[in-house]
Protein chains: 2
Amino acid sequence: MKIERDLKNLPHKTIERLSQYRRALLICHEQGQTHIYSHEIAKIQHITAVQVRRDLMLIGYSGTLRKGYNVKDLIDLIGEIIDSKRGINVAIIGIGNLGRALINYFVGKRSHLEIVASFDINPDKIGNIMSGVPCYSIDELADKIHELHIEVAIMTVPADFATQTADALVAAGIKGILNYTPKPVNVPETIYLEEYDMITSLEKVAFYVKIQDLN
Amino acid sequence: MKIERDLKNLPHKTIERLSQYRRALLICHEQGQTHIYSHEIAKIQHITAVQVRRDLMLIGYSGTLRKGYNVKDLIDLIGEIIDSKRGINVAIIGIGNLGRALINYFVGKRSHLEIVASFDINPDKIGNIMSGVPCYSIDELADKIHELHIEVAIMTVPADFATQTADALVAAGIKGILNYTPKPVNVPETIYLEEYDMITSLEKVAFYVKIQDLN
DNA sequence: ATAACAATGTGAAATAAATAACAATTTATT
DNA sequence: AATAAATTGTTATTTATTTCACATTGTTAT
């Protein structure tokens with residue numbers, strides 16, 4: 001009960017960084033590294049060592065002086081914080097290039113997050129299995145979401161289908177949506193929505209390149 | 001000279017939102033809408049009307065009372081702020097699913113950002129043209145970056161190639177990098193680097209879905 | 001032993017970003 | 001003409017996030 005309250009108070013940015021720390025730590029662990037200093041983690045993530053220490057403080061982890069943090073312990077603790085014990089099933093909506101990229105990229109990467117289904121409108125794709133992920137007709141969306149206990153959906157449909165796809169997901173009882181279409185969608189407040197648009201990122205890079213030249 | 005200083009002082013978040021406002025405004029403009037209120041823009045972007053007005057205040061745009069903002073004028077002004085007058089050439093490094101998704105998605109979308117080349121290591125892909133974008137060997141990276149005046153690169157190579165790709169881009173004189181590999185890369189401070197990792201976003205969604213259940 | 005060093009942990013301060021509050025003003029209505 | 005309503009523009013405030021400063025404490029070298 002204490003922990004639940006703490007989790008809710010973790011800054012959003014800290015959540016993001018914890019995920020990134022873990023990814024870096026997993027690589028260190030694979031390579032046999034047992035301990036790591038805050039400034040080493042910081043360097044990998046292009047942030048400051050203080051930032052790392054503060055994040056770890058927030059999740060109640062203590063390192064040892066002069067040896068730093070225990071890589072394995074920290075990986076496990078971050079898992080306890082950000083992972084769901086029961087695991088979470090994920091679906092990808094829209095099997096275009098981006099949908100395929102996500103499937104290839106995610107499958108097998110995180111044990112607590114499993115991509116259990118994909119959906120498309122194209123008959124040529126329906127029925128296929130890609131990296132172990134079956135593709136169903138979008139008509140089966142609601143049924144499969146219930147049947148397979150899918151809680152999170154990643155939207156990779158064309159922009160013109162974004163709204164109706166989001167509506168269908170909401171109606172089917174999805175709990176979280178990651179929207180990669182360039183069209184913002186509206187969902188009830190009870191559903192967690194994360195939107196990311198690649199054009200915005202590219203335009204941002206271009207902007208900072210541009211103003212550098214103005215020096 | 002006044003403007004140059006102002007541009008540098010615009011909050012990063014405002015830059016991102018300006019890009020998003022424009023995208024929404026372009027759709028409105030296509031549909032023949034001539035004016036728009038701050039609260040309408042806000043609703044599309046899931047933010048507050050005050051936030052919109054503040055962003056527009058920062059770029060020195062004034063709307064008209066009771067009619068709101070002129071869609072066309074605002075599109076043009078945002079372009080003056082975030083676009084480079086000369087246009088910026090972009091390359092995609094790595095023609096996997098994600099690279100292809102980006103090409104399909106970007107081509108023709110923004111006049112000031114042109115994808116002029118892609119690069120890959122696979123001989124089957126080299127020499128192909130996709131949506132008008134030629135694919136060159138990664139060996140030609142430096143040459144083509146100079147020849148085609150490429151200033152921004154989007155990295156969509158496998159994680160294991162991230163470091164060497166970034167190093168090659170830096171050596172070739174790139175000015176900005178958008179890194180979509182899951183591996184953070186190091187570049188000199190003079191180069192603008194934006195990194196985005198899809199696993200982090202998915203884990204974040206999963207986290208907030210998880211803690212909602214703890215209520 | 002003791003001093004010097006190098007790391008963590010954390011309260012305080014600074015910075016960045018979002019929100020609240022409200023004055024000003026145009027338009028529509030009576 | 002006066003009033004009401006709706007919208008912008010902007011200062012002040014609040015909230016969120018990062019950084020600073022430094023106390024603490026193992027470890028190593030002398």
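Note that the structure is predicted; figures quoted are calculated from it, not measured. Order of the sequence lines fixes the chain letters, A, B, ..., with proteins taken first and strands second; residue numbering starts at 1 for each chain.
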Closer than 3.5 angstrom, by distance alone: can the side chain of B:Ser131 be matched with the main-chain N or O of B:Val133 as a donor-acceptor pair?
no

In A:Leu77, A:Ile78, A:Val71, the residue satisfying side chain to side chain contact (heavy atoms under 4.5 Å, CB included) with A:Ile75 is A:Val71

Is the side chain of A:Thr156 donor-acceptor paired with the backbone N or O of A:Ile93 at a distance under 3.5 Å, no angle test?
yes

Taking B:Gln20's backbone N and O only, do any of them form a donor-acceptor pair with A:Asp197's side chain (distance below 3.5 Å, no angle check)?
no

Below 4.0 Å: OP1/OP2 of C:dG9 and any side-chain N or O of A:Ser62:
yes

Rounded distance in Å - CD1 (A:Ile41) to P (C:dG9)
11 Å

Let me know the distance between CG of A:Leu10 and C1' of D:dT17, rounded to the nearest Å.
13 Å

Can you label the angle between the B:Tyr61 ring and the B:Tyr69 ring as parallel, tilted or perpendicular, going by 30° and 60°?
tilted

Interatomic distance where CG belongs to B:Asp55 and C1' belongs to D:dT8 [whole Å]
14 Å

For A:Ser38 versus A:Arg53, what's the shortest heavy-atom pair and its separation?
OG-NH1, 3.3 Å

Nearest to the A:Arg54 side chain among D:dT18, C:dT19, D:dA21, which nucleotide is it?
D:dT18

In whole angstroms, the gap separating P of C:dA7 from CG of A:Leu56 amounts to 16 Å

If pairs are Watson-Crick or G-U with both distances under 3.5 Å, what is the dot-bracket string of DNA chain D, marking crossing pairs with [ ] and pairs to another strand with |?
||||||||||||||||||||||||||||||

Look at the rings of A:Tyr192 and A:His12 and say which category their plane angle falls in: under 30° parallel, 30 to 60° tilted, over 60° perpendicular.
tilted

Any salt bridge between B:Glu16 and B:Lys13, counting N to O under 4.0 Å?
no

Round to a whole Å and report the spacing from CD of B:Gln51 to C1' of D:dT8.
16 Å

Rounded off to whole Å, could you give me the CD1-to-P distance for the A:Ile36 and C:dA7 pair?
13 Å

d(CG, B:Leu58; C1', C:dA18) in whole Å:
12 Å

So which protein nitrogen or oxygen atoms get under 3.5 Å of nucleotides 2-6 of chain D's nitrogens or oxygens?
unit_1	atom_1	unit_2	atom_2	d
D:dA5	N3	B:Arg66	NH1	3.4
D:dA6	O4'	B:Arg66	NH1	2.3

Please give, in whole Å, the distance from C:dA6 P to A:Lys67 NZ?
19 Å

Say whether, by atom type as modelled, one donor and one acceptor occur between the side chain of B:Gln51 and the main chain of B:Thr48 under 3.5 angstrom.
no

Does this structure show an ion pair linking A:Glu203 with B:Arg23, if we count only N-O contacts that are shorter than 4.0 Å?
no

Taking all non-hydrogen atoms of both residues into account, name the closest pair between B:Asn186 and A:Lys43 and its distance.
OD1-O, 4.0 Å

Using a cut-off of strictly less than 4.0 Å between a heavy atom of the residue and any atom of DNA chain C, enumerate the qualifying residues of residues 11-24 of chain B by number.
B:Pro11, B:Lys13, B:Arg17

Per B:Met57 side chain, nearest of listed nucleotides C:dA21, C:dG9, D:dT11
D:dT11

